[in-house]
Amino acid sequence: MNIYNYFNSFIKAEIKELQLKDKLPLDSIIDGISVDPPRQINHGDLACNAAMVLAKKVKLDPISIAKLISKRIITHSDVEKVDIAGPGFLNITLKKNVWHDQLRNVLKAGEKFGDSEIGKGKSINVEYVSANPTGPLHVGHARGAVFGDVLSSLLEKTGYEVTREYYINDAGAQIDILARSLYRRYCEKLGQESYEKPEGFYPGEYLIDLADKLVIKDKKHWLDKPESEWLPELSRYTVDEMMKLIRKDLSDLGIEQSTFISEKSIVERGMVDTVLNMLDEKGLIYTGVLEPPKGMKPESWEERPQKLFRSTSFGDDIDRPLKKSDDSWTYFASDLAYHLDKYKRGFTNLINVWGADHGGYIKRVQAGINALTEGNVNLDIKLCQLVRLLENGEAAKMSKRAGTYVTISELVDYVGRDVVRFIMLTRKNDAQLDFDIIKAQEQSRDNPVFYVQYAHARSYSVERMAKDAFNAQSFDYKNLQKCDLSLLNGSDELALIKLIALWPRIVEMASEAQEPHRIAFYLNELASSFHSLWSKVREDESFRFVVTDNLELTQARLALVCGLRTVISSGLNILGVEPLEELRG
RNA sequence: GCGCCCGUAGCUCAGCUGGAUAGAGCGUCGGCCUUCUAAGCCGAAUGUCGCAGGUUCGAAUCCUGCCGGGCGCGCCA
């Protein structure tokens, strides 16, 4: 438990005591009470709004309530002093040894420091990427992929049991087109061009490569055969091969999902019919005619009765069609079946990571899943906005393999996996992201990946020097845990310890908000704080980490550096970025 | 037309789900290398938090209405 939560519970308990002793009314509200790190340094270590929250319902002024509570808080052995400030804030200053103990906890717990149990006993299904198996992944997919992967790690860090899932859209019409495109390439290989390029032809080079493989595998077997003979087989073959490509791309990014669910298998198991029957039984299906959307030119619009799901009963804007004009299921229908499948596999907490262009789809899926599960499922949908690839501020143009877009493997080859992963998290998921592939490789303050890695590497640099100056054994973790941390009493050192001690809170809040970018921002701040302390020695010799005539002080300072390193490394591990011990070769 | 997202320093963005005097980087200007790696650090200047109302002890944050930008809106997935 982090100290903010700890004091939150403590203060609430004390307030209950006061209520029992009739000092405060019993019905006063405790819910909105929070304990936070204050923004201003002179506001102490913890700021609590309890008095103001209580004053809301009780007809007492906040200041006198604050006085009442502060008398209780001051009895805690960790508390140095309590100030009442502003409109009724309780500003709590903790004894220095509390912070020293926090640092000691980091050294004892190692990377487990920051683990939380807020998700203990809960399982959650995170579905991400789920790109159509029609070609290699591109940059837009990379963002959703990294986001989903890091969100999963973050949830695991806070105790959730996470299933990382990929939904393979291997059933729609675009798969037929893909197979026909491959067939065309196959014919080309064998010197026959009479088979026309199909409508919506996939032009990427990867299909030429695949056609090579197919010729080697099946020789001329499919040549001059009717489509009905080769289409089913080649569809299956192409999807399998595309999924190999995609999984390769994902593994280049360090992503390995445990569960792959095929749309085709959902359909073949009759799940779509099940969904239709369920909705029908609930009276949520009818045949109707949709209005054409206003503001759009309905050129080819023809009014047509179709089978509709009454999603407006569940908060959607219009009712949604389940069947196309050719009587086949819409994507929506099979997607409902897929989500029902998740529920039947035992998941009630679902997260889907989608591209922002699918935003208009959220309400209907939530409506559908609510209808199918009686509201038992909580489905969160995270949208990732576009990524704009830049080269020194100009739009990047480095695409070759896929025809029209930059692929993940091109990007990873160019800047490296760690850079891709980190940069993808330097923006909130729902804000657009500019990814400058030149700047992302710079070794400068501009490049957050470098900046954080540099701080991490510097910690090793200090350790090496300390070990050179004394005997190495004095600095192993066991000895550092036991050393006298009270020697760390400079304001800069204490400030750094406090920032390190913030880590568990950052983790919990990022997890609750489902916002992995907060980890990246925090690491940047932590690195900055360390670089700053590091440079202090230029103004004042006494800031030297390694003090050659003082082993105890050097141990204490190295303990601080190791604590910092542990947190950085633990943060980078959540991001899936490898912490480096040295930056120059 | 409707729905979702966004609007914060010259630029790019944070802002801890309602807290105190709104922050960081870049850029600009001015400092710090006989170095525990200057691949870095320090200082200065910079704001109608899009606009207008509302909710309350307290709003960049929540609600409503505008303005401006992005995405989407049956027979694609």
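Numbers restart at 1 for each chain; the letters A, B, ... are given by sequence-line order, proteins then strands. Hydrogens, waters and symmetry mates play no part in the numbers below; they use all other heavy atoms, side chains included.
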Could you check which of G72(B), G19(B), A77(B) has an atom nearest any side-chain atom of D357(A)?
G72(B)
Kindly give the atom pairs (protein nitrogen or oxygen, nucleotide nitrogen or oxygen) under 3.5 Å for nucleotides 22-27 of chain B.
none

Please enumerate all residues that pass side-chain hydrogen bond (donor to acceptor under 3.5 Å, both in side chains) together with K12(A), with sequence neighbours excluded.
N8(A)
Base of C42(B) relative to its sugar, syn (within 90° of 0) or anti?
anti
T158(A) meets the side-chain hydrogen bond (donor to acceptor under 3.5 Å, both in side chains) criterion, sequence neighbours left out, with S511(A)
Going by side-chain hydrogen bond (donor to acceptor under 3.5 Å, both in side chains), name the residues that satisfy it together with R320(A), two or more places apart in sequence or in a different chain.
D316(A)
Excluding sequence neighbours, so at least two apart, what forms side chain to side chain contact (heavy atoms under 4.5 Å, CB included) with D436(A)?
L390(A), I438(A), K439(A)
Using a 4.0 Å cut-off on protein heavy atoms (strictly under), produce a 5'-to-3' string for nucleotides 4-14 of chain B with B for base contact, S for backbone-only sugar-phosphate contact, and - for none.
-SS-----SSS
State whether F435(A) and R388(A) meet the cation-pi test: NZ (Lys) or CZ (Arg) under 6.0 Å from the six-membered ring centroid, and within 45° of the perpendicular axis.
no
Apply side chain to side chain contact (heavy atoms under 4.5 Å, CB included) to L433(A) and list each qualifying residue two or more places apart in sequence or on a separate chain.
R143(A), V387(A), M424(A), T426(A), R427(A)
Just checking A510(A): base, sugar-phosphate only, or nothing, at a heavy-atom cut-off of under 4.0 Å?
nothing
H531(A) side chain, from C-beta outward: closest of G40(B), G15(B), C73(B):
G40(B)
Dot-bracket for RNA chain B, please. Rules: Watson-Crick or G-U, both distances under 3.5 Å, ( ) within the strand, [ ] when a pair crosses earlier ones, | for another strand, . otherwise.
(((((((..((((.....[...)))).(((((.......))))).....(((((..]....))))))))))))....
Residues which pass side-chain hydrogen bond (donor to acceptor under 3.5 Å, both in side chains) with S334(A), listed by chain and number, not counting sequence neighbours
E263(A)
Once side chain to side chain contact (heavy atoms under 4.5 Å, CB included) is applied, do any residues pair with A66(A), and if so which ones, sequence neighbours excluded?
A51(A), I84(A), L90(A)
Under the rule for side chain to side chain contact (heavy atoms under 4.5 Å, CB included), what residues qualify as partners of E302(A), not counting sequence neighbours?
R304(A)
The nucleotide from U37(B), G74(B), G19(B) with an atom nearest the side chain of M52(A) is G19(B)
Verify the contact: side-chain N or O of Y451(A) to OP1 or OP2 of C41(B), cut-off strictly under 4.0 Å; return yes or no.
yes
Contact class for P62(A) vs. all strands (heavy atom < 4.0 Å): base, sugar-phosphate, or nothing?
nothing
Anything under 3.5 Å between a donor and an acceptor, one on a side chain of residues 518-528 of chain A, the other on a protein residue two or more places apart or in another chain? List them.
{"residue": "R518(A)", "atom": "NE", "partner": "E515(A)", "partner atom": "OE1", "Å": "2.9"}
{"residue": "R518(A)", "atom": "NH2", "partner": "E515(A)", "partner atom": "OE1", "Å": "2.8"}
{"residue": "Y522(A)", "atom": "OH", "partner": "L499(A)", "partner atom": "O", "Å": "2.6"}

